[in-house]
Amino acid sequence: GVSARPGAVLVRDGRIVAAGDPAALPAEWVGQAQVVDRPGDLLMPAMVNAHTHLELTAIGPEPYDSAGGFVGWVKMVRKRAPQTKDALLASAQAGAEKARAAGVSAVGDINTLTLAEDWLRQSRVAGVCYAELFGLGPPFDEGALRVIESTPDGLQPHAPYSAGPQLFAAAAGSGRPVSTHLAETQEEAEFVAALRGPMFEFVRSLGRWRDSFTPSYGQGRSPVQWARPYLERAAHDGGWLVAHCNYVSEDDIAILADSNTSVAYCPIASEYFGHTDHRYRDMLGAGVNVCLGTDSIVCALPEDPQPLGLLSAMRRLYQRDRTSPDTLLAMATINGAKAVRLREDAATLRPGAPAKFACVAINAEDPADPLVQVLSSHAPAEALSFE
């Protein structure tokens with residue numbers, strides 16, 4: 001919850017020493033401290049955007065063409081995305097800066113194989129780079145299998161319709177952080193359950209399908225049921241981070257909970273594609289670690305001044321669903337930190353946590369809960385860090 005006002009945080013050497021009522025902070029340290037006074041702001045831990053595609057930042061927000069469907073959107077992104085390593089890197093770094101400026105200190109970023117390197121930390125943003133892996137089977141997955149053997153960071157078998165069982169199994173057994181897109185669209189569900197629909201036809205049109213892959217699909221399973229063996233294999237090793245889960249059953253939710261899987265829900269992107277009735281609250285109730293993400297900037301609201309921050313997502317869920325402010329704050333901070341395997345005190349105001357914050361303007365004279373004020377306003381976040 002939000003502590004009583006006024007509040008203060010004591011920082012030393014880039015870490016939080018204490019937080020709470022100013023009168024209760026260690027007097028011998030407070031007397032020597034440089035004071036940064038923000039009387040009109042709510043000070044929160046910097047947030048964690050658990051699902052991003054920063055290398056697509058150069059595209060910018062684009063309207064969704066419902067006539068073309070998800071497959072049409074994928075074709076558009078493939079055409080518009082930066083095509084060289086230098087262009088991809090510049091786009092990703094620009095995205096990292098936009099996220100950082102919006103009060104985000106860590107991300108779970110999905111990127112191409114050429115960007116699976118330490119560029120993220122050079123951008124002063126923590127988290128995990130998940131290298132995208134494609135290939136439903138040999139010979140199309142051979143390059144991705146080599147990446148699994150060599151990359152030091154995270155792995156992302158892209159989705160069940162674009163990465164096959166061999167890639168999912170290799171990622172699950174790697175011991176590294178793993179993410180994937182799961183149960184995102186009806187087209188994905190059709191592909192996995194019955195090998196039909198627009199996504200299946202698209203994969204075939206790319207020449208990336210072989211009849212030998214057929215036994216792995218088409219057995220009526222949901223995407224979560226299809227992925228279950230791989231999720232369970234990593235359950236005691238930090239668990240997977242899966243994005244979206246827009247279409248899940250009770251059985252699917254139980255699988256996610258039992259396999260220690262984190263779910264990155266991207267509410268703005270979900271509505272952009274026309275998905276409704278997300279079951280994030282049912283997942284939270286079942287013990288699933290649900291966090292927040294933005295997906296790519298392509299899905300952002302065109303009027304959003306901070307499209308890679310999380311305030312728009314938090315505000316949408318508060319206004320649409322009346323979700324508890326404390327729950328939303330947890331989804332944007334500690335749940336995301338757990339999902340991308342940051343240290344336990346990350347994205348908190350606990351002693352020892354990084355001194356990275358998000359400040360949002362409030363009316364200090366208003367007796368309403370400061371977090372409720374933030375969720376009811378349009379004020380942007382401002383990054384404040386002492387590194």
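In this chain, numbering begins with 1 at the start of the sequence shown.
Cluster membership for L308 and L301, using ILVMFWY side-chain heavy atoms within less than 4.5 angstrom, is not shared. Hydrophobic clustering, with ILVMFWY side chains joined whenever heavy atoms are under 4.5 angstrom apart, keeps V263 apart from I268. In the hydrophobic cluster analysis, where Ile, Leu, Val, Met, Phe, Trp and Tyr join through side-chain heavy atoms closer than 4.5 angstrom, I334 is grouped apart from M47. V192 is not connected to Y247 by any chain of hydrophobic side-chain contacts under 4.5 Å among Ile, Leu, Val, Met, Phe, Trp and Tyr, and they are in different clusters. Both V360 and L292 belong to a single network of hydrophobic side chains, linked directly or stepwise wherever heavy atoms of I, L, V, M, F, W or Y lie under 4.5 Å apart.
Here the NZ-CG distance, from K98 to N49, works out to 13.5 Å after rounding to the nearest 0.5 Å. The structure places CG of L241 at 8.5 Å from NE2 of H51, a figure rounded to the nearest 0.5 Å. Going from atom OH of Y130 over to atom NE2 of H158 covers 15.0 Å, rounded to the nearest 0.5 Å. Distance check, rounded to the nearest 0.5 Å: NZ of K356 to CZ of R15 gives 8.5 Å. Remark: C129 SG to D153 CG distance equals 5.5 Å, nearest 0.5 Å. Taking CG from D304 and OG from S312, the interatomic distance works out to 3.5 Å, rounded to the nearest 0.5 Å.
Residues A381 and A102 come closest through the heavy atom pair CB-O, 3.3 Å. Between A286 and A257 the shortest heavy-atom distance is O-CB, 3.5 Å. The two residues D41 and A361 make their nearest non-hydrogen contact at OD1-CA, 3.4 Å. Between P165 and Y230, the shortest heavy-atom contact is CB-OH, 3.3 Å. Taking all atoms of both residues into account, the shortest heavy-atom contact from A234 to A172 is CB-O, 4.3 Å. When every heavy atom of A170 is checked against every heavy atom of I148, the shortest pair comes out as CB-CD1, 3.7 Å.
A donor-acceptor pair is defined here as one N or O able to donate and one able to accept, closer than 3.5 Å; no such pair exists between the side chain of S123 and the backbone of V125. Q83 places a side-chain N or O within donor-acceptor distance of the main-chain N or O of A81, the cut-off being under 3.5 Å. In this structure, H278 contributes its side chain and H244 its backbone to a donor-acceptor pair below 3.5 Å. Here the side chain of E188 pairs no donor or acceptor atom with the backbone of P223 at under 3.5 angstrom. Judged by distance alone, with hydrogens and angles left aside, the side-chain atoms of E55 form no donor-acceptor pair with the main-chain N or O of A92 at under 3.5 Å. A donor-acceptor pair under 3.5 Å is absent between the side-chain atoms of S91 and the main chain of L88, judged by distance alone. S270 places no side-chain N or O within donor-acceptor distance of the main-chain N or O of P267, the cut-off being under 3.5 Å. Under a 3.5 Å cut-off, the side chain of S259 and the backbone N or O of A235 do not form any donor-acceptor pair. Proximity of a side-chain donor or acceptor of Q156 to a complementary backbone N or O of T112 within less than 3.5 Å is not detected. Judged by distance alone, with hydrogens and angles left aside, the side-chain atoms of T180 form a donor-acceptor pair with the main-chain N or O of P157 at under 3.5 Å.
Shown here are the side chain to side chain donor-acceptor pair (under 3.5 Å) partners of Y64, two or more places apart in sequence or in another chain: there are none. In this view, W73 and Y272 satisfy the side chain to side chain donor-acceptor pair (under 3.5 Å) rule, not counting sequence neighbours.
Ring geometry, W226 versus F168: the interplanar angle exceeds 60°, so the pair is classed perpendicular (tilted spans 30 to 60°).
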Next item on the list: Starting from the C-alpha separation in whole Å, work towards a yes-or-no answer on side chain to side chain contact (heavy atoms under 4.5 Å, CB included) for C245 and L256.
Entry: CA-CA 10 Å; C245 286; L256 296 170; 4.0 Å; yes
Next item on the list: For the pair L167 and L145, evaluate side chain to side chain contact (heavy atoms under 4.5 Å, CB included) and give the outcome as yes or no after the intermediate values.
Entry: CA-CA 7 Å; L167 288 184; L145 290 169; 3.6 Å; yes
Next item on the list: May I have the step-by-step check of side chain to side chain contact (heavy atoms under 4.5 Å, CB included) for V374 and M314, ending in yes or no?
Entry: CA-CA 10 Å; V374 167; M314 295 171 69; over 6 Å; no
Next item on the list: Please step through side chain to side chain contact (heavy atoms under 4.5 Å, CB included) for the pair N111 and L54, ending with a clear verdict.
Entry: CA-CA 7 Å; N111 54 67; L54 295 179; over 6 Å; no
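For the residue pair Y280 / T323, a side-chain donor-acceptor distance below 3.5 Å is found, with atom types taken as modelled. For the 3.5 Å distance criterion, the side chains of H275 and E184 fail to qualify, holding no donor opposite an acceptor. Donor-acceptor pairing under 3.5 Å is lacking for the side chains of N363 and Q373.
Side-chain contact check for T261 versus I255: every heavy-atom pair is 4.5 Å or farther apart. Side-chain contact between L195 and W209 is present, with heavy atoms from C-beta onward closer than 4.5 Å. V147 has its side chain within reach of L133: a pair of non-hydrogen atoms, C-beta onward, lies under 4.5 Å apart. Proximity of H53 to D295: side-chain heavy atoms (C-beta onward) are separated by under 4.5 Å at one or more points. S179 is listed as a side-chain neighbour of I110, based on a closest heavy-atom distance under 4.5 Å. Using a 4.5 Å cut-off on side-chain heavy atoms (C-beta onward), R100 and S105 make no contact. Side-chain contact between E190 and T185 is absent, with no heavy atoms from C-beta onward closer than 4.5 Å. Between V290 and M331, the closest side-chain pair of non-hydrogen atoms falls below 4.5 Å.
As a member of the Ile/Leu/Val/Met/Phe/Trp/Tyr network built from side-chain separations under 4.5 Å, I16 groups with V9, V11, V36, L43, L349, F357, L384, F386.
With a 6.0 Å radius and a threshold of 12 heavy atoms from other residues, nucleotides or ligands, E344 has its CD atom at or below the threshold. No more than 12 heavy atoms of other residues, nucleotides or ligands lie within 6.0 Å of CG in D277, so this atom counts as exposed by the packing criterion. Atom CZ of R78 is surrounded by 12 or fewer heavy atoms from other residues, nucleotides or ligands within 6.0 Å.
A salt bridge links R343 to D345: at least one charged side-chain nitrogen sits closer than 4.0 Å to a carboxylate oxygen. A salt bridge does not link R146 with E149: none of the charged nitrogens is closer than 4.0 Å to a carboxylate oxygen.
Y318 carries R322 over the face of its six-membered ring, with the cationic atom under 6.0 Å from the centre and within 45° of the normal.
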